[in-house]
Number of protein chains: 2
Amino acid sequence: MRGSQAPTLEAVARVAGVSRSTVSRVINNLPGVSKRAKLAVDTAIAELRYVPNQAARNLVTRRTNSIALVVSERGDRVFSDPFFAKILRGVYAGMTGSRRQLVLLMDQEDREDGALESYLCGGHVDGAVVVSLHRGDPLPARLVEAGLPVVLVGRPLSGIKVPYVDSDNFTGAAAAARHLITTGRRVLATIAGPQDMAAGVDRLAGWQACVPEPAERVAYSDFSVEGGARAMAELLAEFPDIDAVFAAADIIAVGALRTLAEHGKRVPDDIALVGFDDSVLATTTAPQLTTVRQDVEELGRTTTWHLLAQLAGDEPLPPSVLLPTELVERSST
Amino acid sequence: MRGSQAPTLEAVARVAGVSRSTVSRVINNLPGVSKRAKLAVDTAIAELRYVPNQAARNLVTRRTNSIALVVSERGDRVFSDPFFAKILRGVYAGMTGSRRQLVLLMDQEDREDGALESYLCGGHVDGAVVVSLHRGDPLPARLVEAGLPVVLVGRPLSGIKVPYVDSDNFTGAAAAARHLITTGRRVLATIAGPQDMAAGVDRLAGWQACVPEPAERVAYSDFSVEGGARAMAELLAEFPDIDAVFAAADIIAVGALRTLAEHGKRVPDDIALVGFDDSVLATTTAPQLTTVRQDVEELGRTTTWHLLAQLAGDEPLPPSVLLPTELVERSST
DNA sequence: TTGTAGGCGTTATCAG
DNA sequence: CTGATAACGCCTACAA
């Protein structure tokens with residue numbers, strides 16, 4: 001991949017009039033090199049524009065000084081989702097001072113199945129943060145089996161033993177339920193998120209743990225405005241007397257709000273609405289959303305720390321971490 | 001980076017009862033392997049969960065089967081900018097069928113200067129698409145010197161000889177100027193973009209090439225709403241009689257629009273306004289923006305094709321490509 | 001069709 | 001402090 005002939009350690013050593021070992025020591029800042037030798041080597045390096053060959057270095061050291069952020073989602077979707085933006089920001093923040101490169105990897109639809117996996121297991125990276133897992137995704141288990149250090153953003157649904165960091169979705173949803181109950185609402189409904197992701201499952205579970213009739217009045221939606229609008233319509237059609245709704249995400253709540261407006265329902269007078277995430281959306285709606293806050297950037301940061309600690313061998317680590325969530329009261333309840 | 005001891009070619013060969021070369025041939029789908037041998041090898045590979053060591057492979061083949069998308073911008077900014085989202089989408093689209101992995105690299109503020117460069121030159125990737133260059137960024141020249149195939153998104157300002165793909169900013173800006181002139185505007189002004197980026201420079205040049213008094217009535221702004229608002233205010237203060245403004249980006253135009261409203265100027269009655277980009281912003285303003293459309297996704301796609309062609313050795317390639325831009329008339333002129 | 005042997009550019013372990 | 005020398009895991013002529 002280099003023009004004609006990239007200079008090697010050997011070449012530098014010749015020019016500097018020393019041995020390869022000495023050059024290697026200089027490059028890696030190892031002790032035991034005389035000032036004179038170091039100077040000669042530095043000069044030679046500059047002159048030849050020498051850059052160490054990573055492949056050779058990786059081969060012998062068995063480390064690459066880079067970690068991967070793996071997004072198990074189609075690449076073209078990633079950039080438009082603010083969730084990933086925050087995760088990325090957090091991962092970056094978590095890496096400061098670690099002297100490692102971050103490599104962002106996404107699913108490519110046209111690649112054969114194992115491409116991502118063999119890239120990761122093939123020694124391109126020292127470890128991986130994996131985010132956006134859906135039920136049944138075999139990737140994390142495979143990576144762990146292969147011995148690659150991995151930390152997940154979000155609880156895995158498959159029950160595999162992989163360390164993860166997640167927001168406490170269960171407790172957050174429970175708080176939402178309690179809030180609605182204590183503010184006098186009686187006919188409670190929820191729009192649950194996708195049940196192939198832990199966030200969807202756990203928020204539903206937390207809700208159901210606090211609500212009188214857990215199995216009643218549940219609609220499902222993906223994380224989209226349209227889905228939320230549709231689910232709200234279903235709910236309204238089947239249970240016209242509901243006076244409170246917990247939406248499993250702010251974006252779902254936005255859709256619900258739209259449907260409620262179309263049906264002439266006033267929020268919070270006729271129906272109270274609670275969202276989840278405390279994203280920017282929550283303050284741009286009218287009325288502003290009562291919602292459960294999770295700190296997504298912190299999620300990325302903590303996950304990265306966990307991975308780096310694992311790489312550094314700072315055992316023992318907790319197998320998983322739950323970050324607190326918090327109810328934020330605004331005008332929709 | 002593998003658990004205890006990752007299996008090697010050697011191990012597979014032993015289990016399969018063949019030589020390393022035969023295993024290698026199977027892995028690389030080379031001809032000249034008997035059915036029996038292939039079967040034995042495949043079985044052994046599955047049994048041992050063998051994954052080829054990339055470092056070793058890279059070292060000898062001198063290729064990595066991955067290309068980099070390098071964003072010369074702080075990582076945490078990248079995800080929030082829709083421009084990069086579109087570029088990424090285009091790059092992905094351009095890679096379909098290429099059997100390569102995409103590695104996204106961004107500046108990390110805490111890294112020493114050469115980290116990105118030595119990562120790229122050290123043989124981690126076969127080539128790079130580099131985007132978002134500011135004047136004086138030494139990266140592309142260094143990469144090219146080191147022999148790494150590189151294609152730039154956007155014309156480099158430094159005059160270095162690196163292939164690039166860009167939108168035809170000059171012609172687009174000229175079209176904006178002509179449009180304002182032919183619709184009867186007389187006192188023309190422009191809010192130019194940052195002059196440390198080609199997009200800013202070229203749009204200003206295109207404008208100045210078509211306007212009666214090129215040096216007159218120019219304000220400068222970065223690509224932000226606030227900058228546009230401020231620049232518009234400057235213009236208004238200094239030249240109260242202007243009746244047309246060309247903003248070098250839609251986001252700048254949004255700011256200008258705000259200032260104009262504050263000053264009681266009607267658009268387009270009192271002042272005509274043209275933007276650049278045809279981003280989503282252009283249709284969310286009131287009035288909707290007349291603007292110059294550029295296809296950013298296409299930009300990413302074409303740049304990637306160019307790089308892949310270069311890697312494939314499909315010479316000779318045009319050193320650079322300009323993608324057409326097009327005036328879109330709406331209500332602001 | 002298969003196996004043997006040499007080398008890719010580093011690091012690391014030894015003696016000197 | 002410095003310099004040989006043996007790996008690291010794989011590919012690739014070349015020979016069988």
Side-chain angles (χ1 to χ4, degrees), chain A residues 1-41 44-45 48-65 118-119 121-124 126 146-147, chain B residues 1-41 44-45 48-65 118-119 121-124 126 146-147:
Chain A
M1 62 274 148
R2 313 290 295 287
S4 43
Q5 198 86 345
T8 72
L9 253 197
E10 178 75 44
V12 175
R14 251 198 321 269
V15 170
V18 297
S19 74
R20 295 202 306 259
S21 327
T22 300
V23 179
S24 178
R25 287 184 189 107
V26 171
I27 289 169
N28 297 296
N29 274 316
L30 293 178
V33 181
S34 68
K35 275 216 159 62
R36 258 195 55 246
K38 176 165 164 46
L39 187 66
V41 170
I45 287 177
L48 274 64
R49 289 198 167 67
Y50 167 77
V51 180
N53 179 311
Q54 296 296 338
R57 178 179 285 189
N58 297 347
L59 181 56
V60 57
T61 60
R62 294 160 158 287
R63 32 179 296 162
T64 66
N65 287 319
S118 59
Y119 183 93
C121 296
H124 276 290
D126 298 330
Chain B
M1 62 275 149
R2 315 287 296 286
S4 44
Q5 198 86 343
T8 73
L9 253 196
E10 178 75 44
V12 175
R14 252 199 320 271
V15 171
V18 298
S19 75
R20 296 199 308 253
S21 344
T22 301
V23 178
S24 177
R25 288 182 189 108
V26 171
I27 289 170
N28 298 297
N29 274 317
L30 294 178
V33 181
S34 68
K35 274 215 158 62
R36 257 194 56 247
K38 176 166 166 45
L39 187 66
V41 171
I45 287 178
L48 276 75
R49 288 199 168 67
Y50 168 77
V51 180
N53 179 312
Q54 296 295 339
R57 178 180 284 190
N58 297 347
L59 181 57
V60 56
T61 61
R62 294 158 162 287
R63 31 178 299 162
T64 66
N65 287 318
S118 60
Y119 184 93
C121 296
H124 277 290
D126 298 331

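Just so it is clear, the model here is predicted, and its values are computed rather than measured. Just so it is clear, the values below take in all heavy atoms, side chains as well, and ignore hydrogens, waters and symmetry mates. The chains referred to below are lettered A, B, ... by the order of the sequence lines, with proteins before strands, and numbering in each begins at 1.
B/Tyr50 and B/Leu9 make their closest contact through CE1-N, 3.7 Å (heavy atoms, listed as atom of the first residue, atom of the second, distance). Pairing each heavy atom of B/Pro7 with each of B/Leu48, the nearest pair is CG-O, 3.4 Å. A pairwise comparison of heavy atoms in A/Pro52 and A/Ile27 identifies CG-CG2, 4.3 Å as the closest pair. When all heavy atoms of B/Val23 and B/Ala13 are compared, the closest pair comes out as CG2-CA, 3.6 Å.
Sorted by first and then second residue, the salt bridge (Lys or Arg N to Asp or Glu O under 4.0 Å) pairs involving residues 5-14 of chain B (not counting sequence neighbours) are B/Glu10-B/Arg14, B/Glu10-B/Arg20.
One distance of note links OG1 of B/Thr64 with CZ of B/Arg57; it measures 11.5 Å at 0.5 Å rounding. Note that the CG atom of B/Asn53 and the OG1 atom of B/Thr8 stand 9.5 Å from one another [nearest 0.5 Å]. In this structure, CZ on B/Arg49 lies 11.0 Å from SG on A/Cys121, to the nearest 0.5 angstrom. Rounding to the nearest 0.5 Å gives a distance of 8.0 Å between NE2 of B/His124 and OG of B/Ser118.
Note that the first and last nucleotides of DNA chain C, 5' to 3', having any atom under 4.0 angstrom from a heavy atom of chain B are C/dT1 to C/dG9. Scanning DNA chain D 5' to 3' for nucleotides with an atom closer than 4.0 angstrom to a non-hydrogen atom of chain A gives a first and last hit of D/dC1 to D/dG9.
Only A/Val18, A/Ser19, A/Arg20, A/Ser21, A/Thr22, A/Arg25, listed by number, bring a heavy atom of residues 9-25 of chain A to less than 4.0 angstrom from any atom of DNA chain D.
Under a 3.5 Å cut-off, the side chain of B/Asp126 and the backbone N or O of B/Arg63 do not form any donor-acceptor pair. Panel note: side chain B/Thr22, backbone B/Val18; no donor-acceptor pair is recorded below 3.5 Å.
The residue among B/Val60 and B/Val33 whose nearest nucleotide of DNA chain C is located toward the 5' end is B/Val33. Residue A/Lys35 is the one, among A/Leu59 and A/Lys35, whose nearest nucleotide of DNA chain D lies closer to the 5' end (criterion: closest heavy atom).
In the helix from C/dT1-D/dA16 to C/dG16-D/dC1, the rotation axis of the first five pairs and that of the last five pairs differ in direction by 40°, rounded to 10 degrees.
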With a 3.5 Å cut-off and sequence neighbours excluded, list the donor-acceptor pairs that the side chains of residues 30-38 of chain A form with protein atoms.
from    : atom 1 : to      : atom 2 : distance (Å)
A/Ser34 : OG     : A/Ala37 : N      : 3.1
A/Lys38 : NZ     : A/Asp42 : OD2    : 2.9

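B/Ala37 comes within contact range of the sugar-phosphate backbone alone, with a heavy-atom separation under 4.0 Å but no base atom that close.
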